[in-house]
Every structure is written in C-alpha cells, then in structure tokens.
Amino acid sequence: MNAVLKIFLSMSFSGGLLILALLWGKRFLKDKISRQWQYYIWLAVILRLLIPFGPEVNLLGKTYQTFDRAITRVASLPSQRSVINISADSIASAVGLEQSNENVNNPSEDLTAIRPLQDIGTLLTNHVWVIWLMAALGLLIRKITIYQGFIRYVKAGSTPVSDLELLDRLSVAAERAGIQKQVELCVNPLISSPLLFGFFDPCVVLPGADMPEKNFLYIVLHELTHYKRRDMFYKWLVQVTVCLHWFNPLVHLMSREITKACEFSCDEAVLVKMGCNNAQDYGKTLLDAMAAVGRYKEKPGAVTLSENKQLLKERLGAIMKFKEQSKAVKVLTAMLTLCVILGAAFAGVYSPGTAHAKALHVTPPDTAGSPREDDWRQNTRREEDASNDRFDAPDGQLANDTSSDIEQYYEAGSLPLFEIAFRRLDEKTQKMWLEKTYANGEFAFFSVAVRRLGRNSSLFADFAEKAYADEEIAFFSILADCMNQAELELWLDRALEDGKWSFQSVLFDRLDKSDEFDKLKDEREAAQAVEYEAVGVTMDGRNYYYQGQLVNIFLDIRADESFYTLDMNPAGTVNIKIIRDADDKITGVVYMTETEVTELLGDMQK
C-alpha cells in the first residue's frame, strides 16, 4: 500500500479517536464550558487530520506497527516468479532491468491459475491511493461548484441598500464588532435567513430591510462577528478536511458538530459584547429571523443567522442559560485545552521510518541518469538502524531472522521480508546470497540485497568487477545505482579504454552525460559504416544492402559477444552475418544458413 495513504489512514484513525473523545465530553460539559471553546477546540482535531507529523513515541505507535506487520505477513504469501529473459537486441537499455523486480519465479504450477487475481489484487493495493485522491478531488470540486452557484444566485437577486439610516446603523454595528473595513449591505427576499459572504469583502444580505432597529443591530452584529472571527475560512478548512477524509464517517459527524458550534459560539460572542441582559431580546430576534423563509437553502461557505428549527431551539436554550464564566471554569477550560492538544499530538501517525515491510526496496531520490551519492546511503542506513531497535517485538516474525528464514522468504518470493532479513546477516552470509542471486539471474533479489549492504562493504567492488568481467550488464547496472560520481567516472574511463559499448551506455546515463554518449554513438556508427563498406555492405538509412541486394536479416556479433547488431527487414531477400576475428576486426561477410536463421528466430521467440 502506498506509504502516503498509510500515513493518511493513521491520521484519520487518530483524528477519529479524538472526535469520539470530544463528543463524549460534550455530553457532560455542554452547558458548563464556553461555547466558543467548544467551537475552536475542533481545530486541534482538524490539525491532527491534516498534518502528517507526530512525536517519535506516540500512544498508537504499537497499533500502527501491528497493522503494518500484518500487511507484511500477507505480502509474504507465495507469489509466482518467472525468470527474467534479456534479449540481446535490448542489452544496451539494460539499465532499467532492476525495475522489473515485480517479476519473480515460483515453480509451483498450482499458482499459475490464480496469478491474474494476484496481479489484479496487487495493482489495486498499490494504486488505491489514486481512488482516494480522485474521490477527494471530486468532492472538493463539487462543493466549490455548488458554493459558486449559490453565490451567483444570491448576487443575482440582491439589491444594494441605499437607505442612509440603515447604512448608518450598519456602520455602528461594524464599529462595535471591531471591523474597520467597509461592509456592503444588500437585500434578497429569496434567501431563508440573513447571511454573510465574501472572504475579504464582506457583504451582509438580509431577507428584508423592514425590521426594528434592535433586531437589525443584533442580526448585523451576528454576521459581522462571523466575519471578524474568519468563520468562512474555518468552514472551508472543515470542508477540505471532509473531502480528504471522505471515507471516515466520524469526520462527517465532526463537520455537523462544528456547524452547530459555530452558531452557538457566535451567539455567545454577540452576548459578550451586548451584555447578558440582552439575551431575551437576542433570542426574539432569532425567532423573527426564522419567520421569513425563502426558497433557496444556504450552502457551505456562507454563514447564516439560523440553520434550521431544531438548531434554533437549541440556540435559544443556550442563549437563555448564558452567563459569564467563573475563574474555576476558566482553569478547567485551560486544562482541557492542554489535554486535547497533547492527545492530538501523541495520538501519533504512521511513520514509514519504523515500518520494515516496504513495498519493494528503497530507491535513492534522483532523476533519470543522475549519480547516486553515498550520503543518501549513509542516511538510509542510519534511519533503518534506529528503526530496527524500535521494531523488535517478543512475538515478531521479523525480529529473529535466521538463515533458514531468509531461505524461506527467497523461496516464497517475498522481496520485503528477504530485504529485511538480508541486512541482518553477517558479511560472509551476505556474500553467499549475492552469489546465489547472481548465479540464478535473480535481478530483483540481487537489487534489494545490494542496497542493504553496509556503506563501506567491499562486496560492492567485488561484484562490480565480477559483473564487468562476465559482461553482465544488468547486474552491473544495479551496482552502478549505488556508486558515487567518482566511482562512476573511474568505471567509465575503464569502459572507454576497453571499448565496452554497453557498459559505456550505462555509465554515461548514470553520470547524466547522455549528450556525450550520443556524440560518441554517432562517431562510432560513422566508423562502423566505413568498416561495413570495406566488406561490401552498404547502408541507406536503416536499410542494409549486400552486393546490391536488400538484406532481410543482418547480424553482427562482437568478438566478446558483449554487444551485437541485429536488423530485420521483411522486404529483404538475403540473410547475412558479419565475421570478426579475436581482435574484433571485421574479416568478411557470409550468408546465413537456414539452420542459423531458424535458431536465431527460435531464440528470439523464447
């Protein structure tokens, strides 16, 4: 499973626990704690749901570790493996062969029938994050579109208020709310209740302008309090959180609770400004506002005076019970705030650094062709050494890997478990396994093993020499991924001196010197064409001709068999091959026999 999605699931789980804790606490503290505190405390939960960081030691660390270990054990089930065949005509591009580490070999014929299901399951598991992200993006776009439609509807039916008396009252309310910015006032008889929209340019919209002066003051002061507190930003932060955690029903429940808490806290803020003695008049204002019901329901992003009748009933009850907080309640509020913040921090999130069940192997961050540096390898080793100490568990399958364990993982085709077990072996045993995977042509296992060698291990140089001498370009390419720039430069000089074209290709690519390689390639092809002409072979574009006849199969194998040129043109009439001596010099051309053609085509079809 994608590591980003694992982190997000752990964030959702931690946030869900905090949501349950706050909902449980609300049952006992609803009428005892400030409504504004009950509104803003949800920010701690939102931050837990959105910020993928936490302390090294957290309360749910073992839970996440157990969950990740369970995934690892499932991943260790036997899967089909197949030997990787490298065709000679693609040997020059062998630098990417280590990326084929999903293709592994299991001789059991019973598993052949279920391989498609396993492949589909693996594909879905590795790309489930795409489904999550697309759903989140779709929901967010839908909410934004609905909100924009609502704003267009409100603006289309709104008429700016030009009554100087009402505008003076608006200025008085804005001054009392502490707002210096100019506020626009409009009337729209189609809306269901007074509302405010505009993130930076506030606009108060009323169902009608014909209302008592006191009601006007309360309504406008309520809406401007929303603007002063930036409640629209808060609401959209909640909407983004809901979209990202669309799969978590507790997050949707939190959104509804925040919507209610927003109105309760705004009522409380207004009464703090106006005084407790005005609670009854303020409540009557809410009742009057509900009497005028329009035809369009407000959407997320706009803040309204009243949401629905049930909420209004609860708000009226809270208004009537409103009173100033005592010192004891303020102390209790401070303690609860500290507890919630610490709970949000120490609930923790999934940490890839503590998870040894990785998808395949860690690849150094780079772009195609850039050199791999020792610093990356050193940092990776340090992080994994630290995480090893945290991963040990009394009943952990991975805690006491032995030689028999790694043999089992190898036979089962489990790259993640093989990778974990390999780095716990001593150097002698590591060398044995490198030799085994090298001899068996197991590129995937060789790759993960090489990347788990100690930074100063001599095995890097030993196997690089071996692969170079054996003309095993694929294995050499894997080792080149772990070389620093100085090592790559030394190998390139050697490959240029030895004339090993395929190794030059790999090394130029790793050094990000593709342009130099292309230049050498052009020069080499020009020199090669001259050699061919000396023995009667001419070229016209990509077509070969021999003694005036178009060539069907053209084969040129180098003396050391490290590289060859194979070209096929169905329109050709003759099949030829180039003859070279031990020094790789062209000595002649011969026609290929039917047997040779059959063998060549047979090898290509394997």
Side-chain angles (χ1 to χ4, degrees), residues 35-36 39-40 147 150-236 262-292 294 296 298-299 301-307 312 315-316 319 322 324:
R35 293 286 184 170
Q36 295 189 65
Y39 175 51
Y40 287 112
Y147 175 70
F150 166 66
I151 294 300
R152 285 194 296 268
Y153 173 87
V154 172
K155 288 182 176 180
S158 297
T159 303
V161 174
S162 57
D163 189 326
L164 294 179
E165 184 179 352
L166 286 178
L167 293 176
D168 287 341
R169 294 178 189 175
L170 177 64
S171 298
V172 172
E175 184 178 354
R176 181 169 290 189
I179 298 176
Q180 304 298 325
K181 195 175 186 67
Q182 183 177 357
V183 181
E184 187 178 356
L185 181 64
C186 296
V187 174
N188 187 335
L190 299 179
I191 62 175
S192 62
S193 66
L195 61 87
L196 171 78
F197 68 83
F199 288 90
F200 302 103
D201 298 314
C203 178
V204 177
V205 185
L206 305 176
D210 186 15
M211 64 180 67
E213 181 178 352
K214 185 172 289 188
N215 284 9
F216 180 87
L217 176 62
Y218 287 142
I219 289 172
V220 172
L221 188 58
H222 179 98
E223 299 304 332
L224 293 180
T225 300
H226 278 307
Y227 176 78
K228 179 69 173 179
R229 303 190 314 172
R230 299 293 188 265
D231 283 339
M232 283 178 290
F233 290 95
Y234 192 169
K235 280 197 168 187
W236 273 107
C262 178
E263 296 305 322
F264 281 110
S265 65
C266 191
D267 292 337
E268 185 177 88
V270 171
L271 290 175
V272 168
K273 288 185 176 69
M274 301 298 296
C276 300
N277 296 332
N278 294 298
Q280 186 172 357
D281 292 337
Y282 183 67
K284 184 177 182 301
T285 300
L286 291 183
L287 289 174
D288 292 340
M290 282 298 295
Y296 200 91
E298 287 74 18
K299 301 301 178 184
V303 284
T304 64
L305 182 66
S306 55
E307 297 286 339
L312 175 63
R315 288 172 64 184
L316 288 174
I319 290 170
F322 174 74
E324 294 290 342

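Predicted model, so just to flag it, every value in this text is computed and none were measured.
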Residue pairs passing the salt bridge (Lys or Arg N to Asp or Glu O under 4.0 Å) test where at least one lies in residues 190-199, sequence neighbours excluded:
none
For Thr225, give me all partners under side-chain contact (heavy atoms from CB on, under 4.5 Å), at least two apart in sequence or on another chain.
Leu221, Arg229, Cys266, Ala269, Val270, Lys273
According to the salt bridge (Lys or Arg N to Asp or Glu O under 4.0 Å) rule, which pairs have a member within residues 155-171, sequence neighbours left out?
Glu165-Arg169
Please list, chain by chain and in numerical order, all residues satisfying side-chain hydrogen bond (donor to acceptor under 3.5 Å, both in side chains) with Arg230, sequence neighbours excluded.
none
Main-chain N/O of Arg35 paired with Glu268 side-chain donor or acceptor, under 3.5 Å
yes
Centroid separation under 6.0 Å, is that true for the rings of Phe150 and Phe197?
no
Output the distance between atom CG (Leu224) and atom CD1 (Ile219), rounded to the nearest 0.5 Å.
11.5 Å
Between Tyr234 and Tyr39 (side chain of the first, backbone of the second, donor and acceptor by atom type, cut-off under 3.5 Å), is there such a pair?
yes
Residues that Leu217 engages under side-chain contact (heavy atoms from CB on, under 4.5 Å), provided they are two or more places apart
Ala173, Arg176, Met274
Nearest 0.5 Å please: distance from the CG atom of Leu185 over to the CG atom of Leu170.
5.5 Å
Checking the side chain of Tyr218 only, and the main-chain atoms of Glu213 only, is there a donor and an acceptor separated by less than 3.5 Å?
no
Mind checking side-chain contact (heavy atoms from CB on, under 4.5 Å) for Asp201 and listing every partner two or more places apart, or none if nothing turns up?
Lys181
Measure across Glu223 and Pro194 and return the closest heavy-atom pair with its distance rounded to 0.1 Å.
OE2-O, 3.4 Å
Tell me whether the rings of Phe199 and Trp236 are parallel (<30°), tilted (30 to 60°) or perpendicular (>60°).
tilted
Shortest non-hydrogen pair, Val205 vs Ser158, comes out as CG1-OG, 4.0 Å
Taking only residues two or more places apart in sequence or in another chain, which ones pass ring pair (Phe, Tyr, Trp, His ring centres under 6.0 Å) with Phe216?
none
Which class fits the ring pair His222 and His226: parallel under 30°, tilted 30 to 60°, perpendicular over 60°?
perpendicular
Could I get the full list of side-chain contact (heavy atoms from CB on, under 4.5 Å) partners for Glu175, not counting sequence neighbours?
none
